[in-house]
Amino acid sequence: MTDSKKTEKYVPEKECRRDFPSGIGAVSLYIHIPFCLKKCRYCDFLSGPQTQQQRERYVQALVREIRGQKDCPPGTPVDTVFFGGGTPSVLTMDQIGRILDAARENFSFLPDAEISLEMNPGTADPGKLLAFRQAGINRLSIGVQSMHDEELRLLGRIHSAEQAREAFVMARDAGFDNISIDLMSALPGQTFDSWADSLRQAVEWKPEHISAYSLIIEPGTPFFDLFEKGKLPALPDEETDREMYHYTRRFLAQHGYARYEISNYALPGRACRHNCGYWTGHPYLGLGIGAASYVNGTRFSNTADLEDYIQKMAVYGPAGQPSMEGIRREIHVLTRQEKMEEFMFLGLRMTEGVSVADFTARFKKTLDEVYGDVIRGHIAKGLIERSEDGLRLTERGTDLSNYVMSDYLM
Amino acid sequence: MGYFTASIKNIRDARVGDTVTESARPCDEALPGYKGAQPMVYCGLYPSETPRYPDLRDALEKLQLNDASLFFEPETSLALGFGFRCGFLGLLHMEVILERLEREYDLDLISTAPGVVYKVYKTDGTMIELTNPSNLPEPSAILKMEEPIVNAEIMVTTEFIGPIMQLCQERRGRYIGTDYIETTRAVLKYELPLNEIIYDFFDALKSRSRGYASFDYELKGYEESKLVKMDILVNKEPVDALSFIVHADGAYDRGRKMCEKLKDEIPRQLFDVPIQAAVGGRVIARETVRQMRKDVLAKCYGGDISRKKKLLEKQKEGKKRMQTVGSVEIPKEAFMNVLKLDTQ
């Protein structure tokens, strides 16, 4: 490694922290599109291939949910929108347009609202991209995953590395000036060199944002079964996995990408505002099946059953609005204590950590009063450190973040 | 048979075999023929949840009410907290008592490895009867040690005589003779150290005779023996609950097995944790639990905070079951699993 000491010492930026609680009462929207052309072998998200007819019925239901929801009053300011999936880019430009139109009618989009859409490179099409851009999508998140075809095949991706590069160029040509790419490390059979090469190629494309996740083999996925049966190439050992992770931070820092969250890196000013909202207690409304929400101090999620969702959205109440009955699940009003816990274990995902002043302002108690012993213990063990105005994970603490965060549950 | 009332407020004040007399006109000596039973096997008993210590004490007192041979006294362990050192007539007695405590009194117990009573002759001319390995004096203060020897009779079908004799040899047995009851059955007579019997002897006997051997023993007396105390060190600190007395010749084997088992039982920590078996300060076996390198949730999907919180809660629960020994967190089950007598 030839990194200089200078890049090693990284001072996190302030750009991503939000006012806590959000002063202007803006809300983020998460819109779930549970469709893809083919399910990837590692994917445990709510998605799958569906017919065109089913997609259309779902889009109609989604539009009804946007119009019928009562959690946010009409005209609530919206600062970010995120189309996640699945593969939202399998929808037609018309469908995306109708969803966005409905959202604009029922909420009040702030002029600088960040509107992101996840795209699979295998669905890229210049006309569609142009239409998405014109419909108001201003940030694209492209699932590149790897720069090596054999790794992509193993993951069950529907595209090659070259197709991913072409999709990226198409997106630029369509006018997207804020693009993120997803990459995955710790893949079966992946070597350190292969990962380093994917990173090297990625920065050559000059995206504004890079998400680098290490693969988690989730139960219930084809990958898990293959893994259990010993039919996958060996996973990189823990040592290599951590080497990949630490190298990622150093390498991307050299190229101007600062890590702002455990798995996310961005050029200055390009951190994903929507993503940051999750870690800082910003309210968000999840629309569509399985979508999670946090509004008015309450967490809930929508039914995860596609047919159930479509049928329930078709039931209208007396006012001519969808009744929304039975859509919301796992409704939980957070207690003050739970809010403190979340403030800590979510806030610590951010590289800049949590602010002592924010905590006091929010809970009328100092951090030390509530967590003094835990904090002192973690500092002594080298897991967290004091920053100018708060606390943040050390490198070691980041590697062991679950261990650290669980101590903030009371 | 009769009844009397007296000002006895505590179960401990009246034991089976006591002689009751009037305070106004007391008798000179106790009725003859009643002897306190001498426990031969000892182990430490600890509640797996510390607040249940008083429940354990009550349960033991109640059991003692109709079983005068059960002996117990409070003891503390750095690793296991508050508990009792309990004495039993033999292994079967111990198993019955443990079973009754768990079943009838609904207690969840951690028991330390059973040990016998050693006679330790000190250089100052005194002798102590040692029931807890932790109380063994410094080696320099020990003149000699004696251990209990039993006369053992093993009845076995002739086809298994070979394997059983081999087992007795391995357990430092002294062969006395063989009586043939009939052509296919014989009684093997051995002198065996008691501490070899209480360490998984029954299981070994059963497995080497396919269950056909039966076994009986009675105390013969004490004999001098080359005994050493084995300490188990976790992260360089001795864990008192895991110390035991062993014959010098078998020390290396036992030490190595203990370290291997502990390595599997102790979860990875924030730092490398050496596990060592030591005799008199000399380390004879070592394993290392490698430090935890990675415990991080890379992706947190679409704001699904509840899922993440559940994961953290599970982790938190796991931490609660840990006993901190020095700076190492050890799950309480680990003590049980390591001390469990097995055939390995």
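A, B, ... follow the sequence lines: proteins, then strands. Residue 1 opens every chain.
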Side-chain donor/acceptor of B:R293 to backbone N/O of A:D399, under 3.5 Å: no
Part of B:R290 within contact of chain A (heavy atom distance under 4.5 Å): neither
Under 4.5 Å from a heavy atom of chain B, the part of A:S211 involved: neither
B:F202 atom CZ: more than 12 heavy-atom contacts under 6.0 Å: yes
Heavy-atom proximity to chain A below 4.5 Å, by part of B:K314: neither
Considering all heavy atoms, the nearest B:K308-A:F345 contact: CE-CD1, 3.9 Å
Crowding at NZ, B:K236 (>12 non-hydrogen neighbours, <6.0 Å): no
More than 12 heavy atoms of other groups within 6.0 Å of B:Y105 OH: yes
Residues of residues 400-410 of chain A near chain B, each having a heavy atom less than 4.5 Å away: A:L400, A:S401, A:N402, A:Y403, A:M405, A:S406, A:D407, A:L409
Spatial distance of atom CD (A:E341) from atom CG (B:L312) [nearest 0.5 Å]: 9.5 Å
CZ/B:R210: more than 12 non-hydrogen atoms of other groups inside 6.0 Å: no
Residue selection (most heavy-atom pairs with chain B, distance under 4.5 Å) from A:K381, A:E338, A:H332, A:R299: A:R299
Evaluation steps, salt bridge (charged side-chain N to carboxylate O under 4.0 Å, His left out), between A:E330 and B:R307: CA-CA 11 Å; A:E330 296 167 35; B:R307 182 165 158 185; over 6 Å; no
Pairwise distance OG(B:S306) to CD(A:E342) - rounded to 0.5 angstrom: 7.5 Å
Reported CG-to-CD1 distance for the pair A:L334 and B:I305, which is rounded to 0.5 angstrom: 10.0 Å
